[in-house]
Amino acid sequence: MPAEDKRVWLTIAGIVVLGICFLPLGQWLFGIRYTYTVRVVALGGAILGVISGALGCFAVLRRESLMGDALSHAALPGVAVAFLLAGRDLGFLLIGAGIASWIALRFIAALLGTTRLKQDAAMGIVLASWFAGGIALLAYIQSIPDASQAGLDRFIFGQAAAIIESDVLLISGAGAVVLLALALFWKEFKLVTFDGEFAIANGFQVGLINTLLSTLIVIAIVLGLQLAGVILMVGMLIAPGIAARQWTQKLHHTVILAAVFGAFAGGVGAVISAIDADIPTGPMIIVVAFSLVLASIALAPGRGLLWSSWRRRLDSRRFARQNALRDLYRYALSHGSPGRPAPDAFIRGIGDRSAALGLRQLLASGLVETTGDSWRLTDTGIEAARRDAHSLQLWDLYRLYADDMGLPLLAEDRQLDIRDVLPADAIGQLEAMMEQRPN
Amino acid sequence: MMALERWLIELLLHFAARDEINVFLRSPQNTATIIGCLIAVSGALLGTFLLLRGMALTSDAISHTVLLGIVVAFLLMTDVFGMVGDTSSPWLILGASLAGVGTVVLTELLYRSGLLRQDAALGLAFPLLFAIAVILVSRFAEDVHLDEDAVLVGEIGLAWANTNSHCFDNCATVTISPDHPQAKMARQCRNCRELGISPRDEGAEFVEICSNCGSYSPAQAWQAGYLQKEPSLVFFPKSITVTLIMTALSLLLALVFYKELKLTTFDPALAKALGFRPGVMNYALMILVSLVAVGAFDAVGSILVIAFFIIPPAAAYLLSDRLAVMLLLGPLIGAAGAFFGYDLARGKFFGFIEVGDIIAGLNSLFGLDLPEQWDSSISASMVLMIFIIFTLVWVLSPRYGLISTLIRRANQRRRFDDQVVLAHIHNHQFTDRHATELRVKTLHLHFRWTGRKMGRVLARLRALGLVAVVNGLAQLTARGETQVHAFRGAMLEAHNMPDID
Amino acid sequence: MNDRAPLALSVEDLTVAYHSKPAIWDIDLGVPEGVLMAIVGPNGAGKSTLIKAVLNLIPRAAGRVSFYGSPYEQARSLVGYVPQRGSVDWDFPTSVLDVVTMGLYGKLGWLRRPGRRERDLALFALDQVGLLDLVDRQISQLSGGQQQRAFLARALVQDAQIYFMDEPFAAVDAITERAIVKILHQLKERGKTVLVVHHDLQTVEDYFDWVTLLNVEVVASGPAAVVFSPENLQKTYGGRVSYLHDGQVLAAGD
């Protein structure tokens, strides 16, 4: 199994273990009792997390994070109108939300197509106006007798405790359709997201594919609303994708990981908030999801901040060592013989602080010896310096003749020993060429 | 702040009697409209620069996070410094504004890490800070005197009731001490609680306490009936003062730094070269946006305020190209929205259409049973009204409106089609292939146009006397020839930069 | 020019407009089969626009385009495209092999997945451009030149008859430049036709045997030896070309 696959599976396993650990921890810390209701809520939260995490990846990759924000705010009036027309059936409410978001999407497109307003302004206008419309309608609904317990408030900040078994069935059904569509059109979505122009040139109906993908994202937003609420839904949508992106370099891994992260955030957030009706679910989920992002940014191998600062440290150590060796060797050669000592002031003067770091390493590995105010290469040191100089010469030849000699084409990295980079037969060819040349 | 209010009232007293002022300010409609207009003016002034700098959504981020600043500042004030929490206190406003500026910095740091893009950093940072604020609000609801409703829509409708009183005549402050004739004395059990006994039990010891002792401001004293003569009082809503200060500051910034803001907005590089500091202007703008967002929080909550920043300048942008005109139109549009918005909340649309009638119409049309009494959120209605005005502007604006744009584009397309055909004839009429290229019957095939479209264009060109048809072949007239050359010259000039060497 | 030789690409009366301002103006262009053609002209001359309009990526105001006598819709499998490197997000989570495999998606059609055969074809193309060692790299970890070569490989797997390349030589290292030239010549040997938007006037005659000089209109088009003359360049660039004494082009001011 390739290293990347292994890492992804390890991360997934880690999240599952974390999730399992949370069960007793939650009982101990928050006094959660895993009643039937709480189990339904946790299941609903996790399923919604999977859907929004998976689709959210595409919103992030298409640089449409803020569009997600606008569309989720814009869903509110749809919920209100659907309630006024058809009552409190969840299916109708979600359809209403979807229609309102979709109209908002078209409105933004119309503004961009016919005016000189930029995208951020158009999204801001629609976000605020649609939201205000929703708030105005909700205030009106409050005035209708016996509508106050309709529970539409849960669409603003989310309310996990309101999820019941039939909701979970609805969510699972809709989610299965969305994920199935994602799997069926995977190839198309990937191509269009990466390089739309190339897709058009290859005969794909990019407009249609983009509309389909946008529709799936809107469905994911709408489904997630009852959990995260219109204001914070964008966090639920994009946080898992951003976190997942830090761990992997492949699209399918990113989507799978995002789904797992989303499930964790949705499940855990919903359960914590279900303990106490005072805590709205949306904010809780966002806090959990953001912790995942923070942990990923810090820890992810290869990209994470800890990792890259560690690598920078290693690199600077390596460069310091290499430069000190080269400086010493060059000085000694220009003063007669490779074994000639160089004065401390000279060698430190060239590389100042990094020189000290480099000399310390060389001393520790026995490549130099010092008398206190001068430095001298030992025999092994001279040997190492020669190898390095030889490598540099080979790099020079490679730059000039690689093409004519039919050698593999590589980016030049003269910090590396060329013998570690090129295959042995290529090195042999270069060596032979070096022999032929007089110098 | 008190001094400012007093000065204002004295100014007003030149124009109106004290009672008139009080009656005017005690009307929810008047106060709400004034506050709405002030927020709209300050928002539109700053929003114009945000819009032109492509930072419209920065106001979104700031307004969301200002909530966290307010909640934290409030909790600090009450729990740590033991003061009385008050969302219109200058300390709280300053503290909370810092949070707004902080978000901008935080977002910048997040995306400078290079691990996520700017839109993702924004989309991540402000939901998080908002989420934390909402959790704090729900946890410490009793301490903060804020509920989720106030966060969402503010309390502009109640702003008239939250006042400072100013006294101008008969301003006796009354101090009630235990020996005052109006002191209310009562007995209270001193040791009941610690002993766990009832006051009726034996062993209960009593002390005399005074239940209404303390010092009373003239307004309080009059209300409690401690004054014989009514003091001459003016009650001034705090929100008006706060939003007025914000408006004054925004106006000051726009007037004093007009030149600097203009330059740093349109050409930051040049501004820097000329010795202006774009960074400083940027942060000045951010600080003011935060201040306005905090100041408006009491009235319109933390989300709807975005509309006051973005929509009026966007409407002004569709009406004018000039910054000065935009700075005038934006506040006007916003204020108009706030003015008509109050009516909308109470069921009147632009003063003459009743929302109730519309609902009645819907009821009879769809067989619904909705109450015809429309009474809704004031702040949300103001935003809706601003949006409606924006939409009207968008459709009707003479230069950048929907209708004029569509007409202009159709004209351009038509003119362009003409030029395409003229150029084609020009390019081919003296070549050896002109018999195939210029045959009128087949001309449309070369362009992959429909025959009808080509027929229309040719008819127009012949009517204009630019093209003639000879033996079934199209030909340029002398006028057509001049046209082609003129257009070609203009076109190539547009593409080529002037020769420098 | 021989009119009876089969034309790989024929463009008639093509006009393209941005906001009713012409970017390309009533162009006629015939490209014979098997040539390596450079499209040369100043900035804003419509070089990329020409390619995009021919490939239906942007709408045409007027004009006909045919590949080997058939319109684009029927000739799609004959056409390969290498877009500008800056046109995509290189931080996209995908590997070099994956990007190259995308070149085959068009042939697979809806719902079918790439399999073993597609993988082998992609590996073969990667070998041709010298990226075989980097197949599993994430694309952001490639150098600019390597990214360009990955794009080239993606076009190669399409096994097209006629290739369009938009500025493949822009900001690449010397090794990549040579690799691309090598592949151009291999393509020519296999009878393919290649159209390249090119910036560097000095190398035009070394790399290409056919040239189109473009500045909104076609100034000249034909064999490089005939067309690539100081007078034509003067017409294309205005006064902004300097020459060495022997008539060689030194630089074109952009």
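All figures in this text were calculated on a predicted structure; none of them were measured in a lab. Below, chains carry the letters A, B, ... as their sequence lines are ordered, and counting in each starts from 1.
- Between the side chain of Ser404(B) and the main chain of Pro398(B), a donor-acceptor pair closer than 3.5 Å is present.
- Panel note: side chain Thr65(B), backbone Ile62(B); a donor-acceptor pair is recorded below 3.5 Å.
- Chain B forms the most heavy-atom pairs under 4.5 Å with one residue out of Ala128(A), Ser129(A), Gly282(A), and that residue is Ser129(A).
- Counting heavy-atom pairs under 4.5 Å between each of Ile310(B), Leu50(B), Val305(B) and chain A puts Ile310(B) at the top.
- Chosen from Ile378(B), Leu344(B), Leu304(B), the residue pairing most often with chain A at heavy-atom distances under 4.5 Å is Leu304(B).
- Aromatic ring centres of Trp394(B) and Tyr400(B): separated by at least 6.0 Å.
- One finds a salt bridge joining Asp321(B) and Arg116(A) here, because a Lys/Arg side-chain nitrogen approaches an Asp/Glu carboxylate oxygen to under 4.0 Å.
- A cation-pi arrangement is present between Arg346(B) and Tyr342(B), with the terminal nitrogen or guanidinium carbon under 6.0 Å from the aromatic centre and inside a 45° cone about the axis.
- For Phe126(B), the part sitting under 4.5 Å from any heavy atom of chain A is the side chain, from C-beta outward, and nothing else.
- The side-chain heavy atoms of Leu323(B) and Leu52(B), taken from C-beta on, include a pair separated by under 4.5 Å.
- Contact annotation for Ile285(A): neither backbone nor side-chain heavy atoms come within less than 4.5 Å of a heavy atom of chain B.
- Without hydrogens or angle criteria, Arg312(A) side chain to Asp315(A) main chain gives no donor-acceptor distance under 3.5 Å.
- Residues meeting the side-chain hydrogen bond (donor to acceptor under 3.5 Å, both in side chains) test with Thr58(B), sequence neighbours left out: none.
- Leu138(A) does not touch chain B: none of its heavy atoms, backbone or side chain, sits under 4.5 Å away.
- With a 4.5 angstrom heavy-atom cutoff, Leu84(A) touches chain B via backbone and side-chain atoms both.
- Between His64(B) and His73(A), the angle of the ring planes goes over 60°, which puts this pair in the perpendicular group of the 30/60° scheme.
- With hydrogens and angles disregarded, a donor-acceptor distance shorter than 3.5 Å links the side chain of Ser291(A) to the backbone of Val287(A).
- Per-residue heavy-atom pair counts under 4.5 Å with chain B were compared for Lys118(A), Met284(A), Gln246(A), and the maximum is reached by Gln246(A).
- Of the atoms belonging to Leu128(B), heavy atoms from both backbone and side chain fall under 4.5 Å from chain A.
- Ring to ring, Phe309(B) and Phe49(B) are not that close: their centroids are 6.0 angstrom or more apart.
- The candidate with the highest count of non-hydrogen atom pairs below 4.5 Å against chain B, out of Ile231(A), Ile156(A), Val234(A), is Ile231(A).
- Contact annotation for Met55(B): only backbone heavy atoms (N, CA, C, O) come within less than 4.5 Å of a heavy atom of chain A.
- Looking only at heavy-atom pairs under 4.5 Å with chain B, the residue among Ala122(A), Ala139(A), Ala132(A), Ala121(A) that has the most is Ala132(A).
- Within residues 359-366 of chain B, the residues having any heavy atom closer than 4.5 Å to a heavy atom of chain A are Ile359(B), listed by residue number.
- Heavy-atom distances place no part of Gln119(A) under 4.5 Å from chain B, backbone and side chain included.
- Contact count versus chain B (heavy atoms, under 4.5 Å) is highest, among Leu111(A), Val60(A), Leu85(A), Leu237(A), for Leu111(A).
- For chain A, the nearby part of Asp375(B) is the backbone; its heavy atoms alone come within less than 4.5 Å.
- The residue among Val383(B), Leu152(B), Leu318(B), Ile306(B) with the most heavy atom pairs within less than 4.5 Å of chain A is Leu152(B).
- Here Leu124(B) is the residue among Ile388(B), Ile311(B), Val153(B), Leu124(B) with the most heavy-atom pairs under 4.5 Å with chain A.
- With a 4.5 Å cut-off on non-hydrogen atoms, Met233(A) does not touch chain B at all.
- Heavy atoms of Leu57(B) lying under 4.5 Å from chain A belong to its backbone as well as its side chain.
- Across Leu51(B), Ile132(B), Ile303(B), the residue that shares the most heavy-atom pairs under 4.5 angstrom with chain A is Ile303(B).
- Of the possible polar contacts, none joining the Thr265(B) side chain to the Arg53(B) backbone as a donor-acceptor pair under 3.5 Å is found.
- Without hydrogens or angle criteria, Gln159(A) side chain to Phe155(A) main chain gives no donor-acceptor distance under 3.5 Å.
- With a threshold of 4.5 angstrom between heavy atoms, Ala59(A) does not approach chain B through any atom at all.
- One distance of note links CG of Leu396(B) with CG of Leu319(B); it measures 10.0 Å at 0.5 Å rounding.
- If you measure heavy-atom distances from Leu370(B) to chain A, the contacts under 4.5 Å come from both the backbone and the side chain.
- Within the 4.5 angstrom heavy-atom criterion, only side-chain atoms of Val293(A), from C-beta onward, approach chain B.
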Item to complete: Determine, stepwise, if the pair Phe261(A) / Trp247(A) fulfils side chain to side chain contact (heavy atoms under 4.5 Å, CB included).
Response: CA-CA 12 Å; Phe261(A) 283 157; Trp247(A) 295 88; 3.7 Å; yes
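- For the atom pair CG (Leu257(A)) and SG (Cys57(A)), the distance works out to 8.5 Å, reported to the nearest 0.5 Å.
- Proximity to chain B is limited to the side chain of Asp69(A), based on heavy atoms less than 4.5 angstrom apart.
- To the nearest 0.5 Å, atoms CD1 (Ile407(B)) and CZ (Arg409(B)) are separated by 12.5 Å.
- Residue Phe390(B) touches chain A through its side chain alone, counting heavy-atom pairs closer than 4.5 Å.
- Distance check: Arg62(A) CZ to Thr193(A) OG1 gives 6.0 Å after rounding to the nearest 0.5 Å.
- Across Thr405(B), Ile135(B), Asp60(B), the residue that shares the most heavy-atom pairs under 4.5 angstrom with chain A is Ile135(B).
- Annotation for Ile156(B) and Gly36(B): closest pair CD1-N, 4.0 Å, computed over non-hydrogen atoms.
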